[in-house]
Amino acid sequence: MALVRASQYFLPTWKEEPTEAELPSHKLMLRAGMIRKLAAGIYTYLPLARRVLHKIETIIREEMDAIGGMEITMPMVHPAELWAETGRLQEFGPILGHLRDRAGRELVLGPTHEEVITDLARREIRSWRQLPLVFYQIQTKFRDEPRPRGGLVRAREFTMKDGYSFHESQEDLDRFYRKIYQAYLNIFRRCGLSVVVVEADPGLIGGSESHEFMLPNPFGEDSFIQCEHGDYAANLESAVSRKEEDDPAEPLLPLEEVATPDCYTIEAVAQFLGVPPRKTAKAVFYRAGEELVFVVIRGDLEVNEGKLARVLGRADLRPANEEEIARVGAVPGYASPRGIRRDRVKVVVDDSIPKARNLVAGANRAGFHLKNVNFPRDFSADIVADVALAKEGQACPRCGGRLKVQRAMELGHIFKLGTKYSEAMGATFLDREGKSRPLIMGCYGIGVGRLLAAVIEAHHDEEGMIWPVHLAPFEVLVSVLDPKQGALLESGEKLAQALAESGFEVLLDDRDQSAGEKFHDAKLLGIPILVIVGPRAVKQNQVELERRPDGAKFLVAGEPKAVVEKTTELIGAKGQRASTS
RNA sequence: CGGGGCGUGGCGCAGCCUGGAAGCGCACCUGCUUUGGGAGCAGGGGGUCGCUGGUUCAAAUCCAGUCGCCCCGACCA
C-alpha cells in the first residue's frame, strides 16, 4: 500500500524558473524538486526522481531479463593497469577520472566496463558450453566530459545500464544483436518515446557495427541525418551521402595550366574559370603526430575530421599550419596533389575524386591552377576512402532521396565488439573443435538519467510534467484545499486510504498552503489524477477529479467507493496499469 | 580548448558606468485573518557582495589574478 503525505515528504518545489537551466526537462526537474546540482554535471536525485527512476529501471530489467540478461554489479573504481591492457588508459585521456590509493597505486573511475567484464570473462569462461552469456548492470559512471550540459542530458556522473554479451561465433552475436535491438525498442516504447534507430560510429568503444537509439529533440546533444524516404538514418558524425559519378562518356582531357590570379578559395576559382565547385578538387591539410596529411576532396564537399581520423587510425588530428604545408612543397591556396614531396606527406583521396572527371585543382604555383586533373592518371594516393561530411540536402546513399539533419538525444547505443577486448586481454575459450579462440563480444548501453530527462522532454506542457501513468512518481494526488478544517482533512485521508488500499500509489497533499499554490504544484508534478477535496464540493458531498493530460474534470460522490471506481475507470485497475504495451 | 555571459540572504534580481550606511520581490519565522487556481495585515530573522591581492581616507563598485557556473562551438562511449 502506497500512501505518502506531502506534509511529511521532501517536495521542495520552486515557483520561479531557474536561470541555470535551458531545457524544459532540466527546468522542470529543478522546479519539481527532483534533482539538485552539486557541481557541473553532478546531481543529487531527490525522492520524486528516484520513484520514477525505479520504474524506468524496472522496465529495463524486465526487458533485459527477457532476453537472458543477468544483472550483476561491477566496481566503480578500477585499477589503472586494467585500462592500460587495452590502451584505453591513454585513448580516453582527460575524460577518465583518476585517483590513487594509500599505497600510491593508480585507480580510475569507471566510465564504462568493457575491461572489467572482459577480465571476469577471461577468468571464468573456459568452454563453448558456457556460452552465450549476457550480463548487465545499472550503475553510476563517471566521465569528466569537457562540457556537461542540459542537466541530466549530459552529466559527468550519471547512471547507465550497460550490458555485455559473450558468444562462440559471429553468427551467435548477430542473433543476439537482433534480440537486444528489439529489447531496446521495447524499452523506449514502454517509456512512451518514439525513437529513431540510426547507424553509428563505434568510436572509442570499437567494433564493427553499431546502432544508436535517438529521440529527435531540438535540445539534443547529438545530431543524425535521415533520408526523406526513411530507408537510411545515421549519426551525423559517420553519415555518408551519395556521390554522383561524372558521365563516363566524358573524355579525359589533357592537363592544362591556367593563370588564376588571387583565387585562394574554391568559390573564387570556380567563378573565375566558370565551372561549378563540384568540378574542382580541394586540398585540405592536417597534422597527425609528426605526419602531414594531404586530403584531396571534391570542391563542393567538406572533410569529416572524425572519418579521416578513423581512416588514418589516429586520434591526434589537427589542421596543419601554413609553414607545415609549405615544408612538403605545397603552395597554400594553390596546393595540388601533383608536385608535392610524396616522401613527406600521406595523401588521402576522398572517394568523390575517382568518380569525377576533368577537375580543376591547384598547380602548386602561386596564381595558377590545373585544368582537367584526373585521378589516378595525374596523381597517386596512399588511401582512397570516404572522408566527406554528409550534409542536409545531399542525396541518400541508398535511394538518392533528400537527406535531412535532426538534433536528437542519444538514449541508447548497441555495439558488435567482436574480439577487440578479448584479444587485447587474452579472454579465450575452447570451441567445439577444441581450439582456443577469443570470445566474440557485444556491448549495449542506455543512459538512464538521460532517459528520465527524455521522458519529460516528450511529456510536458507549459505548466509542468505530464507523466505516462506507468512512469508517474504517484498515480493519484489527493489535494485537501484547506487542511485546517478537520472534516476536510479527514475526508481527504479517507479517500487517500481507500485509493491506496485499492492498489494506487497516492500522494496526499495535506500541506497548509493556499489553494492556488496546490493547484500549480499539481500541474508541475504532473500526477495523472488529481482528486480535489475542497469545501465547496464537499458541502454537497462531492469531490472533483481532474485528469492531468487534458484537464478533463469529473464530479463524483465524495465517498471512497465512488472515487476509487472513477479513478479505476480513468487510469485502469492495478493489474491493467502494467507498462507492457 | 576557442567564443559569449554570469557570480550580491534559500530563489529571482537591482545597485557597479560616476567609490561614501547593502536594497527590492518571493521564500522563511511569530501572531491574527484567509482557503477553488501562486491570499492580506502587523512584527521578525538571515548576506565577510565567489575568492586573493592591489589602488584609495574609504571598494559590492576601480585594477590584476584566480575559482565556480551557464550558453554556443570543438569533443563525445
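For clarity, every value in this text was computed on a predicted model and none was experimentally measured. Letters A, B, ... are given to chains in the order of the sequence lines, protein chains preceding strands, and every chain is numbered from 1.
Comparing G36(B), A39(B), A27(B) by their closest approach to the side chain of Ala515(A) singles out G36(B). Here G37(B) is the nucleotide among G36(B), G37(B), G38(B) with the atom lying nearest to any side-chain atom of Lys553(A). Taking the side chain of Glu22(A) as heavy atoms from C-beta on, and the options C71(B), A39(B), G36(B), the nearest nucleotide is C71(B). Nearest nucleotide to the side chain of Arg149(A), out of G37(B), G73(B), A39(B): G73(B). Candidate nucleotides C76(B), G37(B), U34(B) were compared by shortest atom distance to the side chain of Phe519(A), and G37(B) ranks first. Distance from the side chain of Ala537(A) is smallest to G36(B) among G36(B), G38(B), G73(B). Considering only the side chain of Pro146(A), C75(B) comes nearest among G36(B), C75(B), U34(B). Candidate nucleotides G38(B), C75(B), C69(B) were compared by shortest atom distance to the side chain of Ala40(A), and C69(B) ranks first.
For Leu489(A) and U35(B), the CG to C1' distance is 14 Å, given to the nearest whole Å. One can place CZ of Phe224(A) at 18 Å from C1' of C76(B), the figure rounded to the nearest angstrom. Between Leu236(A) atom CG and G73(B) atom P the separation is 12 Å, expressed in whole Å. Taking atom CG on Asp512(A) and atom P on G36(B), their separation rounds to 13 Å, with Å as the unit. Taking atom CZ of Phe415(A) as the reference point, atom C1' of C76(B) lies 11 Å away to the nearest angstrom. Straight-line distance from the CG atom of Asp222(A) to the C1' atom of G73(B): 15 Å, rounded to whole Å. Here C71(B) presents its C1' atom at 17 Å from CD of Glu145(A), a figure rounded to the nearest Å. We find that CD of Glu221(A) is positioned 13 Å from P of C76(B), with the value rounded to whole Å.
Only the C1' atoms considered, C63(B) is 14 Å distant from C16(B), to the nearest whole Å. A59(B) and U55(B): their C1' atoms are spaced 10 Å apart (whole Å). On the C1' atoms, A22(B) is 16 Å away from A58(B), given to the nearest whole Å. Across the C1' atoms, U35(B) and G20(B) are found 49 Å apart, a figure rounded to whole Å. Comparing C49(B) with G23(B), their P atoms sit 14 Å apart, to the nearest whole Å. For the P atoms, the distance from C11(B) to C69(B) is 15 Å, rounded to whole Å. Atom name C1', nucleotides U61(B) and U18(B): the rounded distance is 10 Å, in whole Å. Comparing the same atom, C1', in C29(B) and in G65(B) gives a spacing of 42 Å after rounding to whole Å.
Of all nucleotides present, only C72(B) satisfies the Watson-Crick or G-U wobble test against G2(B), with each distance under 3.5 Å. Under the Watson-Crick or G-U wobble criterion, with both distances below 3.5 Å, G12(B) is paired with C24(B). Nucleotide C51(B) is matched to G65(B) when pairs are restricted to Watson-Crick or G-U wobble geometry with both distances under 3.5 angstrom. Base-pair partner of C32(B): G40(B) (Watson-Crick or G-U wobble, both distances under 3.5 Å).
Note on Glu546(A): a base of the nucleic acid sits closer than 4.0 angstrom, heavy atoms only. Contacts of Arg31(A) with the nucleic acid, taken as non-hydrogen atoms under 4.0 Å apart, include base atoms. Within 4.0 Å (heavy atoms only), His413(A) reaches sugar-phosphate atoms of the nucleic acid but no base atom. Within 4.0 Å of Arg407(A), counting heavy atoms only, lie sugar-phosphate atoms of the nucleic acid but no base atom. Residue contacts shown for Gly151(A) are absent, as no nucleic acid heavy atom lies under 4.0 Å away. Base contact: Gly534(A) has a heavy atom under 4.0 Å from a base atom. As judged by a 4.0 angstrom heavy-atom cut-off over every strand, Gln513(A) is placed among the base-contacting residues.
Two rings, from His167(A) and Phe176(A), have their centers less than 6.0 Å apart. Annotation: His211(A) is not in aromatic contact with Phe415(A) [ring centroid separation under 6.0 Å not met].
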**Complete:** Reading nucleotides 6-16 of chain B from 5' to 3' and marking B where a protein heavy atom lies under 4.0 Å of the base, S where only the sugar-phosphate is that close, and - otherwise, the string is -----BSS---

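When only modelled atom types and interatomic distance are considered, Trp467(A) and His459(A) share no side-chain donor-acceptor pair under 3.5 Å. A donor-acceptor contact under 3.5 angstrom links the side chains of Ser210(A) and His413(A), judged on distance only. No hydrogens or angles considered: nothing links the side chains of Glu209(A) and Tyr177(A) as a donor-acceptor pair under 3.5 Å.
Using a 4.0 Å cut-off, some side-chain N or O of Arg147(A) falls inside it from OP1 or OP2 of C72(B).
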**Request:** Show your working on salt bridge (charged side-chain N to carboxylate O under 4.0 Å, His left out) between Arg548(A) and Asp461(A) and close with a plain yes or no.
**Result:** CA-CA 10 Å; Arg548(A) 177 61 176 100; Asp461(A) 63 15; 2.9 Å; yes

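When each of Phe224(A), Tyr444(A), Tyr184(A) is paired with Phe213(A), the ring-ring contact (aromatic ring centres under 6.0 Å, His included) condition holds for Tyr184(A) and for no other. The only option from Arg154(A), Arg450(A), Arg147(A) that meets the salt bridge (Lys or Arg N to Asp or Glu O under 4.0 Å) definition with Glu221(A) turns out to be Arg450(A).
Looking only at side-chain heavy atoms (C-beta outward), Tyr181(A) and Val197(A) come within less than 4.5 Å of each other.
The 5' end of RNA chain B is approached more closely, in terms of each residue's nearest nucleotide, by Leu488(A) than by the other of Leu488(A) and Ser223(A). Between Lys37(A) and Met160(A), the residue anchored closer to the 5' end of RNA chain B is Lys37(A), taking for each the nucleotide with the nearest heavy atom.
Using a cut-off of 4.0 Å between Lys/Arg side-chain N and Asp/Glu carboxylate O, Arg88(A) and Glu114(A) are scored as salt-bridged.
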